[in-house]
Amino acid sequence: MMKYFLTILLFFSAWAHAANEAIKPELTMGFVPSRSVHEIQLTSKKLADYLSEKTGYKIKAITLSDYAGVAVAMKSRQVDFAFVGPLNYLVINQHVPVHPITAAVRNGKKGYYGLVITSADSGIERLEDLKGKSFIFGDRLSASASLYPRAAMLKAGVNPEQDLKSLTLSSQTAIVMSVLKGKADAGAIYDDARTNPEVLRYAENILDKTRIIYRSELIPADPQIVRDALHPEQKAALTKALLAMSEDPKAKGWLKELYGIDALVSASADEYDSLRQVAAISNPELLK
């Protein structure tokens, strides 16, 4: 009986080991285009070089066309780990096994907020005032710029599909600039895309020119996710290197420049259960 048990144990141990890929000499880090793709590429190259030095593996950075593109790239093993939004992580995990290894900290919080902004002189004060107005949402897989504001609008009696003249933009910098230039009455962004460097270069007084009419509850932090099948040694090396960025002044500056991140801390899958609940209520089709 013991011999049989040991045989079974060895079989499953071998199977579990086989489920992991061999160590890859080159790893690809993916990003979503919530800012200007050019700006993201400039900064992500610095992060890739830093992580290459820290891990000993060659790491390259690519920016995908949208959130869905990250899911496709990870499923096809073209991307090994990625900086994504929290909702994006949950959706990707429906199609390919991934898990968070670190997550962003901003202003001392392991999480962030979604905002709805309008121009300072628009006369729009509440979500209820958006009926009949033009509105820009972020990518449909953005928690801050789509999921949470849509849920809040529904609660306020505004049907995002029927009561707004809406369109979608992946770049939240573009959403801010569209509201500033009067191309839309209001828009949804992460907190606070108005201070993205490329926005401030164009409009230093953006905070005076726009107003916040809605701030969401705290959204679980945007994670850095890795494919489950990646070799354990490489996952451990990536985690260690990402956490080390928070102790390096230069690397911290790049994180701030990239997505307004102050630091990275360890993360786990169960921290996103509350977001799963919001998604189940607001858009149950997303996680099916």
Side-chain angles (χ1 to χ4, degrees), residues 20-67 69-86 88-89 92-93 96-106 110-112 190 196-198 220-269 271-272:
N20 292 316
E21 299 168 1
I23 289 179
K24 301 175 66 176
E26 181 174 288
L27 299 174
T28 302
M29 172 173 56
F31 292 88
V32 293
S34 54
R35 289 181 55 207
S36 155
V37 172
H38 175 67
E39 297 284 345
I40 291 175
Q41 280 298 111
L42 287 177
T43 306
S44 63
K45 173 67 166 60
K46 299 172 188 175
L47 265 65
D49 291 343
Y50 175 91
L51 293 173
S52 295
E53 181 181 344
K54 287 291 184 181
T55 63
Y57 305 112
K58 180 175 175 54
I59 294 173
K60 67 176 183 179
I62 62 171
T63 304
L64 286 304
S65 60
D66 55 25
Y67 283 91
V70 181
V72 172
M74 295 195 87
K75 188 171 184 178
S76 62
R77 296 167 57 183
Q78 293 178 322
V79 165
D80 300 296
F81 68 108
F83 279 64
V84 299
N88 191 213
Y89 151 55
I92 289 174
N93 201 35
V96 56
V98 296
H99 64 275
I101 51 175
T102 54
V105 171
R106 295 181 181 84
K110 192 178 181 181
Y112 67 115
Y190 60 74
N196 285 346
E198 63 269 28
D222 39 320
Q224 291 69 54
I225 61 173
V226 64
R227 293 188 296 105
D228 286 1
L230 197 66
H231 195 282
E233 284 185 25
Q234 294 194 297
K235 286 189 279 191
L238 285 172
T239 303
K240 183 178 179 180
L242 286 166
L243 292 173
M245 299 189 84
S246 298
E247 306 301 322
D248 184 299
K250 265 191 178 179
K252 283 185 73 172
W254 298 331
L255 288 172
K256 188 75 172 180
E257 187 179 295
L258 183 67
Y259 291 132
I261 297 170
D262 295 324
L264 297 178
V265 294
S266 298
S268 61
E271 295 174 44
Y272 297 85

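Residues: numbered from 1 along the sequence shown.
Not counting sequence neighbours, the partners of Lys60 by the side chain to side chain contact (heavy atoms under 4.5 Å, CB included) test are Glu26, Thr28. For Ser246, the side chain to side chain contact (heavy atoms under 4.5 Å, CB included) partners at least two apart in sequence or on another chain are Ala263, Leu264. Legend: residues meeting ring-ring contact (aromatic ring centres under 6.0 Å, His included) with Phe81, ordered by chain and number and at least two apart, are absent. Every residue two or more places apart in sequence or in another chain that forms a side chain to side chain contact (heavy atoms under 4.5 Å, CB included) with Thr63 is listed here: Phe31, Pro33, Val37, Ile40, Gln41. Tyr112 pairs by the ring-ring contact (aromatic ring centres under 6.0 Å, His included) definition with nothing, not counting sequence neighbours.
Val32 is listed as a side-chain neighbour of Asn88, based on a closest heavy-atom distance under 4.5 Å.
Between Glu247 and Lys252, no side-chain nitrogen of the basic residue sits less than 4.0 Å from a carboxylate oxygen of the acidic one, so the salt-bridge criterion is not met. Using a 4.0 Å cut-off between charged side-chain N and carboxylate O, Asp80 and Arg227 make a salt bridge.
Of the listed residues (Leu255, Val265, Ile261), just one forms a side chain to side chain contact (heavy atoms under 4.5 Å, CB included) with Val105, and that residue is Val265.
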Practice problem: Could you walk me through whether Leu243 and Ser266 pass the side-chain contact (heavy atoms from CB on, under 4.5 Å) test, one step at a time? | Solution: CA-CA 7 Å; Leu243 292 173; Ser266 298; 3.8 Å; yes
Exercise. With side-chain contact (heavy atoms from CB on, under 4.5 Å) as the test, would you mind laying out the steps for Met29 and Leu51 before giving the verdict?
Key: CA-CA 10 Å; Met29 172 173 56; Leu51 293 173; 3.7 Å; yes
Self-check item: Trace of the side-chain contact (heavy atoms from CB on, under 4.5 Å) decision for Met245 with Leu47
Solution: CA-CA 9 Å; Met245 299 189 84; Leu47 265 65; 3.5 Å; yes
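Checked by atom type and distance alone, the side chain of Glu271 pairs as donor or acceptor with a backbone atom of Ser268 at under 3.5 Å. Counting only distance, with no hydrogens or angles, the side chain of Ser52 and the backbone of Ile59 share a donor-acceptor pair below 3.5 Å.
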Only pairs under 3.5 Å count here: list side-chain donor-acceptor contacts from residues 232-241, not counting sequence neighbours, and write none if there are none.
{"unit_1": "Gln234", "atom_1": "OE1", "unit_2": "Lys24", "atom_2": "N", "d": "3.0"}
{"unit_1": "Gln234", "atom_1": "NE2", "unit_2": "Lys24", "atom_2": "O", "d": "2.7"}
{"unit_1": "Lys235", "atom_1": "NZ", "unit_2": "Asp228", "atom_2": "O", "d": "2.7"}
{"unit_1": "Thr239", "atom_1": "OG1", "unit_2": "Lys235", "atom_2": "O", "d": "2.8"}

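Under a cut-off of 6.0 angstrom, the local environment of NZ in Lys46 is crowded, with over 12 non-hydrogen atoms contributed by other residues, nucleotides or ligands.
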